[in-house]
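First up is the structure itself, then whatever we jot down about it.
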2 protein chains.
Amino acid sequence: MNMGVLGTGMVGRAIAGKLASNGHDVKMGSRDPEAALARTEPGNDGTMLADWKAANRDVAIVPFAAAADHAKIIFNATSGSGAMDALVSAGEQNLAGKVLINVSNPLDFSKGMPPSLFVSNTDSLAEQIQQRFPEAKVVESLNTVNAAIMVHPSAVADGDHTMFLCGNDDDARSTVALLLNEEFGWRNVLDLGDLTAARALEMYVPLWVRLFATLGNPMFSVKVVS
Amino acid sequence: MNMGVLGTGMVGRAIAGKLASNGHDVKMGSRDPEAALARTEPGNDGTMLADWKAANRDVAIVPFAAAADHAKIIFNATSGSGAMDALVSAGEQNLAGKVLINVSNPLDFSKGMPPSLFVSNTDSLAEQIQQRFPEAKVVESLNTVNAAIMVHPSAVADGDHTMFLCGNDDDARSTVALLLNEEFGWRNVLDLGDLTAARALEMYVPLWVRLFATLGNPMFSVKVVS
């Protein structure tokens, strides 16, 4: 399937690399692909984008609009603060009618560490995106684990933990639930209903940040038990 | 040990009842004990306080200040919106030097269901309590599960799930971790460090509310897996 991944950071790379290795035609969107590929400082994962690209030759790195235009399913893997600009660049017409999986969290690093959220409680980044692009089918998921676990849940606890999703379109939620299972291997996907649940998923992230600090590494997740 | 539990709702009853059954001398604090006992409408657990009291004769129901004065360890099990007034009634001098376990969440029901939080993100109810009562040793815990699970973790998943705590006083955190294990049976208690982690624990509650709606009952918890 034609897939688009907006953002060339750790999250975008993990998702795009996995989808390409599964045989999908993946275009990764960047504000400025040439500049991103020319950057010599490594990303959060310690790898320069050019080196990652060399190891993932089948993934094209193109402007946001070309990636969105190409895709039937689009992942927003940009930073929270850059998400809305990236999606505007992607183009409303290129998002319309498509499943748009928001992985981005509204993290605000401007007041230092740990980050706070620039939207929370009575609104969420996913809802703001849905409101700005009413014809996109926004589904929030994957934002509660680190990039490596998103596409390889068995990296912790043999995959016996929980992924959440929410969104206003029933078919889009079903599509994403199936994709999470078939492409990434998530066995426990919990559908929380409409997109207001994104408030809860994004407000979980400060606990993730605190758990990261306490456990000393990001290879953890939570399992809902009853 | 002399224990105080502020609040006579479901949470206060669960904690006070369990501590009393373990042999502790428990006083439960109320704004107006006589009025609370005279109330004929049942609480959230379907039981009138007077009936609960009849089944828990060893628990005295007294004014907030008397419960706090009596106690070496105090649980704040009041509603979030009533917490600060209750603690002011309890009396700064009766809280000073004592471990004060905040179980209360800053839930705001004024805009309907689901509740939002009246403090979050860059502050928390627990931190506000600590600031107002600097000589109390505030520890936040138990606020991430329902009352029945707080004192009986094996009610779900054979007790194989996670309880969190945080607070600024190292000894107080250790005291609470031991209490959670020995009095209530928590096997997995995760110490998140200083009280700023209360922001994360309280911001988890909207996800709890959403999980409650999705799962249809409150008998669930989360296990941190790695």
Side-chain angles (χ1 to χ4, degrees), chain A residues 106-108 111-124 144-146 149 153 155-162 164-166 188 190-194 196-226, chain B residues 106-108 111-124 144-146 149 153 155-162 164-166 188 190-194 196-226:
Chain A
L107 294 171
D108 178 1
K111 300 175 193 77
M113 293 293 288
S116 55
L117 302 178
F118 63 74
V119 55
S120 65
N121 201 9
T122 56
D123 198 2
S124 62
T144 56
V145 295
N146 92 320
I149 300 173
V156 296
D158 291 328
D160 186 20
H161 48 104
T162 307
F164 308 98
L165 64 79
C166 64
N188 306 320
L190 196 50
D191 182 340
L192 296 177
D194 73 62
T196 59
R199 300 170 196 179
L201 294 181
E202 295 173 11
M203 278 196 281
Y204 164 77
V205 175
L207 182 55
W208 186 92
V209 170
R210 197 73 184 210
L211 287 168
F212 181 19
T214 300
L215 300 174
N217 77 76
M219 297 305 289
F220 65 87
S221 182
V222 293
K223 179 185 178 185
V224 176
V225 298
S226 57
Chain B
L107 293 171
D108 177 2
K111 301 174 192 77
M113 293 293 288
S116 55
L117 302 178
F118 63 75
V119 55
S120 66
N121 200 11
T122 56
D123 198 3
S124 63
T144 56
V145 295
N146 92 320
I149 299 174
V156 296
D158 291 328
D160 187 19
H161 48 106
T162 307
F164 308 97
L165 64 79
C166 64
N188 305 321
L190 195 51
D191 182 341
L192 297 177
D194 74 62
T196 59
R199 301 170 195 180
L201 294 180
E202 294 172 12
M203 279 196 282
Y204 164 78
V205 175
L207 182 55
W208 185 93
V209 170
R210 196 74 183 210
L211 288 167
F212 181 20
T214 299
L215 301 173
N217 77 76
M219 297 305 289
F220 65 87
S221 182
V222 293
K223 179 186 179 185
V224 175
V225 298
S226 57

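A, B, ... follow the sequence lines: proteins, then strands. Residue 1 opens every chain.
Per-residue heavy-atom pair counts under 4.5 Å with chain A were compared for B/Asp108, B/Leu211, B/Thr122, and the maximum is reached by B/Leu211. Most heavy-atom pairs under 4.5 Å with chain A: of the set B/Val156, B/Leu192, B/Ile149, B/Leu190, this distinction falls to B/Leu192. In terms of heavy-atom pairs under 4.5 angstrom with chain B, the leader among A/Leu207, A/Val205, A/Thr162 is A/Leu207. Among A/Ala197, A/Gly193, A/Pro206, the residue with the largest count of heavy-atom pairs under 4.5 Å with chain B is A/Ala197.
No donor-acceptor pair under 3.5 Å is formed between the side chain of A/Asn121 and the backbone N or O of B/Ser116.
Interface remark: A/Thr214 contributes side-chain atoms only to the contact with chain B (heavy atom separation under 4.5 Å). Interface remark: A/Asn217 contributes no atoms to any contact with chain B (heavy atom separation under 4.5 Å). Only the side chain of A/Ser120 comes within less than 4.5 Å of a heavy atom in chain B; its backbone stays farther off. With a threshold of 4.5 angstrom between heavy atoms, A/Asp123 does not approach chain B through any atom at all. Contacts of A/Leu215 with chain B are made by side-chain atoms alone, with heavy-atom separations under 4.5 Å and no backbone atom involved.
For the residue pair A/Thr196/B/Arg210, the side-chain donor-acceptor check at 3.5 Å is satisfied.
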